[in-house]
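Here's the structure we're looking at; comments come further down.
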Amino acid sequence: MRAARRRSGTRGNEAAAGWLFTAPVLAILGLFLVLPIGMALWVSLTGWNGQGSPFASGVPFVGLSNYTDLFTQEGLARETFMVSIRNNLYYVAFAVPAQTALALALALVVNRRGLRGRSFFRTAFYFPSVTSSVAISVVFLFLFANSGAVNALLAYLGINGPAWFTDPRGLLHLALGGLGLVDPAHPPQALTSSGPFGLSWWEWLSGPSVAMATIIALAVWTTSGTFMLIYIAALQDIPVQVEEASLVDGANAWQRLVHVTLPMLRPATFLVVTLGLIGTWQVFDQIYVMSQGNPAGTTLTPAFLSYRTAFRDFEYGSGAAISFVLFLIIVVMTLVQHWIMRDRDEP
Amino acid sequence: MSRARSPRAIAGTVLSYLVLGFFSLVFVYPFVIQAANSFKTEPDAAAHPLSPIPHPFTTAAFAQIFDSTEFPLWLANSVLVTLLVTAGRVFLDSLAGYALARLDFRGRGAVGALIVAVMAVPGVVLLIPKFLVLTGLGIYDTYAALVLPVLADAAGVFIMRQFFRSVPASIEEAARIDGAGTFRVFWSVVLPMARPALITLTILSFQSSWNEFPHTLVAVQEPRLYTLPRGVANLVTGSLGAGTQYPLKLGAALLATIPVAVIFFALQRYFVRGAAEGASKE
């Protein structure tokens, strides 16, 4: 098959061409992806303030203290970081299941046999995913504004909508209060007096704030379309015979869904969930445009906090340390995905 | 084989259309509201945010966008940066993709593995490091800072490599026997065959660099180097950010969305293919 290439001379030529062709890409990726990681690792061990070079001799070397400040050292740095982790955990816990379920539901309905206007629906659901995150955030700012569309809609239903972006109350706190279990104004001492990493149990149990709920809504709205496409592709890969066999066996539509379709969609579900996990830990643009971490730090996420710590507070070391912790979280998510997918591929 | 339509099946179909209709509204109506409100006056937008009809109809917001903001400058920057990045990515990614798919060279496996590994690095954690490199190279606050770091992308190399692997070897060999050099074979024989993959890559690159936001935050500071997303973000969070001026902000966001929207509706299937390829890259 490679007879022509094996002739003398062409191979050496090919080797040079191979390196030459990949050199520009390697240079760019090396210079702007690989090298920076090493530089940032160094900066995360220093107290560099952005003045001059981080490698100059005057820059204080602080070892792991930027990291220990985030986890073990009592103080504002740890409190803010833990609040951002809490916020992002709730963001993940609400957005990922919601976008996965919605994507699956839309794919199942769009994929129904004999449905007309399929491409219209597919287009309508996918379009938000391709638009600019900044532009979409502006639209959501308006939708959820005090005099915005969502509150106008709620007013038709006789509901007085909240001031979405300035409401720091946690949804779980509100739910507990609404059920009469706990008075949010006077939480039980058992919950407020202690808790891990410098936040009380009561603070950990806040749920996403009302403001964060709008950003979760935006995430679900913009990503469901992409994940729907993944599900549609997987649905189309299910052989027709499988469905026919279950029809012969007398399974009804619900039984078919639960016992046949969903198990066959498992690889797609793993993909969607892990892509969702990786994406939701990186939420940045929407936070920057819509809330900047406000109100009361309830929309602060590690990605935004890392940026803010470095570029607004000029604590580059601390900012870099936060981004490495985030890096680690995302790498773990990715590894879990690879591990699960590899497991699934084997018969 | 025609199926008898049972009442249940009909009910199922009706229900499907109701569900799809509801969600179409949820997914499309925000854009309708956006467009409508950018043609409203401020009091009208505040009083009737849901109404799709501006009353009175006014283009004042757009006049203001072009007169009192730097919108034309951001637009020009966005066009320039997007053109350069898209051209660079399409050329460099296919060059590398071709080498990885078709050329025999020592270290090819390592290069391929590196590119796949780099694809997994989350962009957001690289903001500080990118800033460090840009200042280190002395190109912070220049067009080069906006363009160079994103001139090649690992996912694009991957897409091109997958495509080139499917090209039959006999075609290259014919050209080689005719005495064409490696670049020549790539450029005039194999690349023209890669049109579908090239279109997909062009669209993905266009879309991602047109919409790129966090990179511009750490690459430049000077307002004259703002691209559209940066400018629009500044309109919202900056001095005009205090809850008013919605027609202006929505209008600016609308204008920034139009190019991607036009290309999306014209070339949808390439977007869909891109989404599928992006997802199955593992």
Side-chain angles (χ1 to χ4, degrees), chain A residues 1 4 13-15 17-19 21-22 24-25 28-29 31-33 35-37 39-40 54 106 109 112 115 121 123-125 127-128 130-135 138-139 142-143 147-149 152-153 226 229-230 233 271 282 284-285 288-289 303 307 310 316 319-320 323 326-327 330 334 341, chain B residues 16 19-20 23-24 27-28 30 33-34 46 49-50 92 95-96 98-99 103-106 108 111 118 120-122 124-130 132-133 149 151-152 154 157 169 173 176-177 182 207 211 213-214 229 232-233 236 246 249-250 253 256-257 260 264 268 271-272 275-276 279 282:
Chain A
M1 181 180 136
N13 200 348
E14 228 172 71
W19 281 107
F21 283 19
T22 48
V25 168
I28 289 166
L29 297 181
L31 203 54
F32 296 105
L33 277 167
L35 172 73
I37 297 174
M39 287 173 82
L106 293 177
V109 183
R112 249 181 95 95
L115 188 87
F121 294 120
T123 308
F125 302 147
F127 180 60
V130 302
T131 54
S132 147
S133 55
V134 170
V138 176
V139 176
F142 177 67
L143 293 179
S147 63
L153 207 60
T226 314
L229 290 182
I230 296 176
L271 181 65
Q282 292 193 61
F284 179 85
D285 302 11
Y288 184 97
V289 176
Y307 168 82
Y316 287 84
S323 68
L326 181 59
F327 196 176
I330 295 169
T334 315
M341 298 303 282
Chain B
S16 300
V19 169
L20 291 175
F23 279 104
S24 304
F27 279 82
V28 173
I33 290 179
Q34 180 188 16
L50 273 171
L92 297 180
L95 204 56
Y98 177 73
L103 300 181
D104 251 330
F105 62 101
R106 200 181 281 274
R108 177 171 81 162
V111 172
V118 154
V121 176
V124 159
V125 305
L126 283 174
L127 291 181
I128 298 171
K130 266 193 199 159
L132 295 176
V133 173
L151 206 53
V157 175
E173 273 155 24
R176 270 169 194 278
I177 289 164
T182 310
Q207 182 225 356
N211 291 339
F213 175 65
V232 171
V236 176
Y246 274 111
K249 295 174 191 169
L250 291 169
T257 310
V260 175
F264 175 73
Q268 261 192 71
F271 276 93
V272 173
E282 263 31 86

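From a predicted model like this one, the values you see are computed outputs, not experimental measurements. Order of the sequence lines sets the chain letters (A, B, ...), proteins ahead of strands, with each chain counted from 1.
Annotation for B/Val236 and A/Val289: closest pair CG1-O, 3.9 Å, computed over non-hydrogen atoms. Scanning both residues, A/Ala152 and B/Leu50, for their nearest heavy atoms gives CB-CD1, 3.8 Å. Scanning all heavy atoms of the two residues, the minimum distance from A/Arg112 to B/Ser16 falls at CD-OG, 2.9 Å. Smallest separation of non-hydrogen atoms from B/Phe27 and A/Ala124: CB-O, 3.6 Å. Between B/Pro30 and A/Val139, the closest heavy-atom pair is O-CG1, 3.8 Å. Annotation for A/Val134 and B/Ala233: closest pair CG1-N, 3.8 Å, computed over non-hydrogen atoms.
Proximity to chain B is limited to the side chain of A/Ile330, based on heavy atoms less than 4.5 angstrom apart. For chain B, the nearby part of A/Leu143 is the side chain; its heavy atoms alone come within less than 4.5 Å. Only the side chain of B/Leu126 comes within contact range of chain A, with at least one heavy atom under 4.5 Å from a heavy atom of that chain. Contact annotation for A/Leu33: both backbone and side-chain heavy atoms come within less than 4.5 Å of a heavy atom of chain B. Of the two parts of B/Thr257, only the side chain, counted from C-beta on, holds a non-hydrogen atom closer than 4.5 Å to a non-hydrogen atom of chain A.
Judged purely by atom type and a 3.5 angstrom limit, B/Asn211 uses its side chain to pair as donor or acceptor with the backbone of A/Val130. A/Glu14 places a side-chain N or O within 3.5 Å of a backbone atom of B/Asp104 that can act as its donor or acceptor partner.
Relative ring orientation between A/Trp19 and B/Phe105 is described as perpendicular, the plane-to-plane angle rising above 60° on a 0-90° scale split at 30° and 60°. Note on ring orientation: taking the six-membered ring where Trp is involved, the planes of A/Phe125 and B/Phe23 are perpendicular (angle over 60°, cut-offs 30° and 60°).
Interface summary for chain B: among A/Leu31, A/Asp285, A/Leu35, A/Leu106, the most heavy-atom pairs under 4.5 angstrom belong to A/Asp285. Ranked by heavy-atom pairs under 4.5 Å with chain B, the list A/Thr123, A/Leu326, A/Leu153 is led by A/Thr123. Per-residue heavy-atom pair counts under 4.5 Å with chain A were compared for B/Val125, B/Leu151, B/Val260, and the maximum is reached by B/Val125.
For A/Phe327, the ring-ring contact (aromatic ring centres under 6.0 Å, His included) test picks out no residue, with sequence neighbours left out. Shown here are the side chain to side chain contact (heavy atoms under 4.5 Å, CB included) partners of B/Ala154, two or more places apart in sequence or in another chain: A/Leu29, B/Ile115, B/Val118, B/Met119.
Between A/Ile37 and B/Pro129, every side-chain heavy-atom pair lies at or beyond the 4.5 Å cut-off. The side-chain heavy atoms of B/Leu95 and A/Val25, taken from C-beta on, include no pair separated by under 4.5 Å.
Of the inter-residue distances, the one linking B/Leu132 atom CG with A/Tyr316 atom OH reads 8.0 Å to the nearest 0.5 angstrom. Rounding to the nearest 0.5 Å gives a distance of 4.5 Å between CZ of A/Phe121 and CG of B/Leu20.
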| Could you go step by step and tell me if A/Phe127 and B/Phe264 meet the ring pair (Phe, Tyr, Trp, His ring centres under 6.0 Å) rule? | CA-CA 8 Å; A/Phe127 180 60; B/Phe264 175 73; 5.4 Å; yes

